[in-house]
Each structure stands twice: as C-alpha cells, then as structure tokens.
S.K.: 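So that we are looking at the same thing, I have put the structure below in structure tokens.
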Amino acid sequence: MSYVKQYFDEAVTILRQLNQSAIERTADLLVELRERSGRLFFLGVGGGAGHASHAVCDFRKIAQIEAYAPSDNVSELTARVNDDGWETCYANWLRGCRMNEADMVFVFSVGGGDARENISANLVRALEYAQEVRATICGVVGRDGGYTAQVADACVLIPVVNPSSITPHTESFQAMIWHLLVSHPKLKAAEMKWESVQSPAKV
C-alpha cells in the first residue's frame with residue numbers, strides 16, 4: 001500500500017469516527033457567544049497558532065463574532081515571553097483583555113496541554129485563568145485531549161488511528177472542523193466570496 005493511500009484511508013476512518021454531537025455542541029456554544037456579544041479568543045502553539053490566526057479571520061468575517069489570537073501580535077507575545085515567561089504569556093494576555101464570563105477560549109492543540117509533563121504549559125495556564133473567570137472553553141484536540149478535554153464545555157477529539165500520524169491528522173481536521181463551524185447554517189452570517197459569485201453563463 002502506498003503512503004498516500006494509507007494516509008487517505010486513515011483520514012476516512014477518522015472522519016467516520018468524529019463525534020458529531022461534540023461539533024454541534026460547539027456550534028451551539030458559539031451561537032450563544034455571539035448572541036451575548038462575547039469575544040472569542042483562539043489559542044494555539046506551533047501549527048495551532050497558525051490555525052488560530054486563520055480562524056480569527058473566518059469567525060470575524062463569516063460568523064461575525066469578535067475574535068482574537070495572542071499569537072497574532074508578535075511584539076506583545078515576545079515581550080510577555082521575555083519579561084514574564086512562556087508559561088504565563090497567554091494567561092497574562094487574556095488578563096490584559098479583561099476576559100470574563102461572557103467570552104470564550106477556543107484551543108487548537110495536538111495534545112491539549114499537560115501541566116504535569118510541562119507540555120504546552122501556556123495553554124494550561126490560560127485555561128486555568130478561563131476557568132477562574134468562568135469563560136466558556138472549547139477546543140479541537142488530538143491524542144487524549146489533555147487538559148483541554150478535561151476542562152472544556154465542548155471538545156472535539158480527533159481519533160488516533162495511527163500513532164505515527166497523530167499530529168498531521170489532528171492539525172488537518174482542526175482546519176476542517178473550524179471551516180465546518182463558520183459555514184454552519186447556525187453560524188454563517190455573511191456569504192463567502194466564491195459561493196456568492198455566480199458562474200458565467202455558458203454560451
């Protein structure tokens with residue numbers, strides 16, 4: 001079997017195993033967030049930070065939810081890492097935003113954070129702060145979901161079908177799920193460009 005076929009077969013298996021109820025629950029919480037004019041804070045590290053930036057664009061433009069990501073401002077982020085430390089950089093950024101119970105934290109992470117193993121400690125500290133202020137917590141994570149899955153109000157766990165491909169599959173499906181969410185009829189508030197452009201009539 002070629003690697004391409006193996007990878008696609010694994011992706012199909014993951015797609016079939018995804019918890020659709022968890023995705024619908026996430027959509028419902030996002031609707032409630034918009035209705036109360038809460039803010040949406042995307043948190044991620046590495047590939048998750050890239051996802052966070054893209055998701056901010058989509059949720060602001062398509063779902064019309066006020067959204068932000070601390071990793072989008074490299075000057076502030078690196079200043080906080082330099083002056084306060086990596087573990088607290090996201091939590092202190094959220095404090096600076098005066099995050100409160102009307103808001104939501106949304107995590108993109110492969111492992112979800114693990115305080116005991118000191119993995120993605122900045123996500124763990126940010127989630128602890130979100131709990132402290134009683135903000136809503138959602139996430140799309142892989143493996144066992146880590147701390148995110150433990151504390152989230154809704155969490156989509158990407159099933160592990162091949163231990164050697166956890167990261168690429170998790171990050172691939174994170175993108176699929178947030179695009180599903182912004183295009184969900186419950187959330188889509190603005191038409192996307194290419195869906196709004198009619199194909200020219202064929203002569």
S.K.: How about W178 and F108: are their ring centroids closer than 6.0 Å?
M.R.: yes
S.K.: Is it the case that atom CZ in R134 sees more than 12 heavy atoms from other parts of the structure closer than 6.0 Å?
M.R.: no
S.K.: Indicate the atoms forming the closest heavy-atom contact of Q174 with V140, along with that distance.
M.R.: NE2-O, 2.8 Å
S.K.: How far apart are the closest heavy atoms of M99 and A130, and which atoms are they?
M.R.: CE-CA, 3.5 Å
S.K.: Can you name the nearest heavy-atom pair linking V141 to C155, along with the distance?
M.R.: CG2-SG, 3.5 Å
S.K.: More than 12 non-hydrogen atoms from neighbouring residues, nucleotides or ligands closer than 6.0 Å to CZ on R80, yes or no?
M.R.: yes
S.K.: Listing request: all ring pair (Phe, Tyr, Trp, His ring centres under 6.0 Å) pairs with a residue in residues 115-171, at least two apart in sequence or in separate chains.
M.R.: Y7-H169
S.K.: Is any side-chain heavy atom of V110 less than 4.5 Å from a side-chain heavy atom of E171?
M.R.: yes
S.K.: So H54 and H179, would you call those rings parallel, tilted or perpendicular, with 30° and 60° as cut-offs?
M.R.: perpendicular
S.K.: Please report the interatomic distance CG(D103) to CD1(I137), rounded to the nearest 0.5 Å.
M.R.: 12.0 Å
S.K.: Give a yes or no answer on whether the side chain of R60 reaches the backbone of A67 with a donor-acceptor pair at less than 3.5 Å.
M.R.: yes
S.K.: Counting distance only, does the side-chain N/O of D84 pair as donor-acceptor with the main-chain N or O of C89 below 3.5 Å?
M.R.: no
S.K.: Give a yes or no on whether the backbone of A55 and the side-chain of D58 come within a donor-acceptor separation of less than 3.5 Å.
M.R.: no
S.K.: Where the side chain of S53 meets the backbone of A49, is there a donor-acceptor pair that is under 3.5 Å apart?
M.R.: no
S.K.: Would you please say whether a donor-acceptor pair under 3.5 Å links the side chains of N122 and R125?
M.R.: no
S.K.: Quick check on the hydrophobic clustering: are L157 and I177 connected, directly or via other members, by side-chain heavy-atom contacts under 4.5 Å?
M.R.: no
S.K.: Counting N and O atoms only, with roles assigned by atom type, does the side chain of R39 sit under 3.5 Å from a partner on the main chain of Y68, one being a donor and the other an acceptor?
M.R.: no
S.K.: Are Q6 and N162 close enough, and set up right, to give a side chain to side chain contact (heavy atoms under 4.5 Å, CB included), and what steps lead you there?
M.R.: CA-CA 10 Å; Q6 174 187 319; N162 180 350; 3.2 Å; yes
S.K.: Could you tell me the separation between the OG atom of S120 and the OH atom of Y90, rounded to the nearest 0.5 Å?
M.R.: 9.0 Å
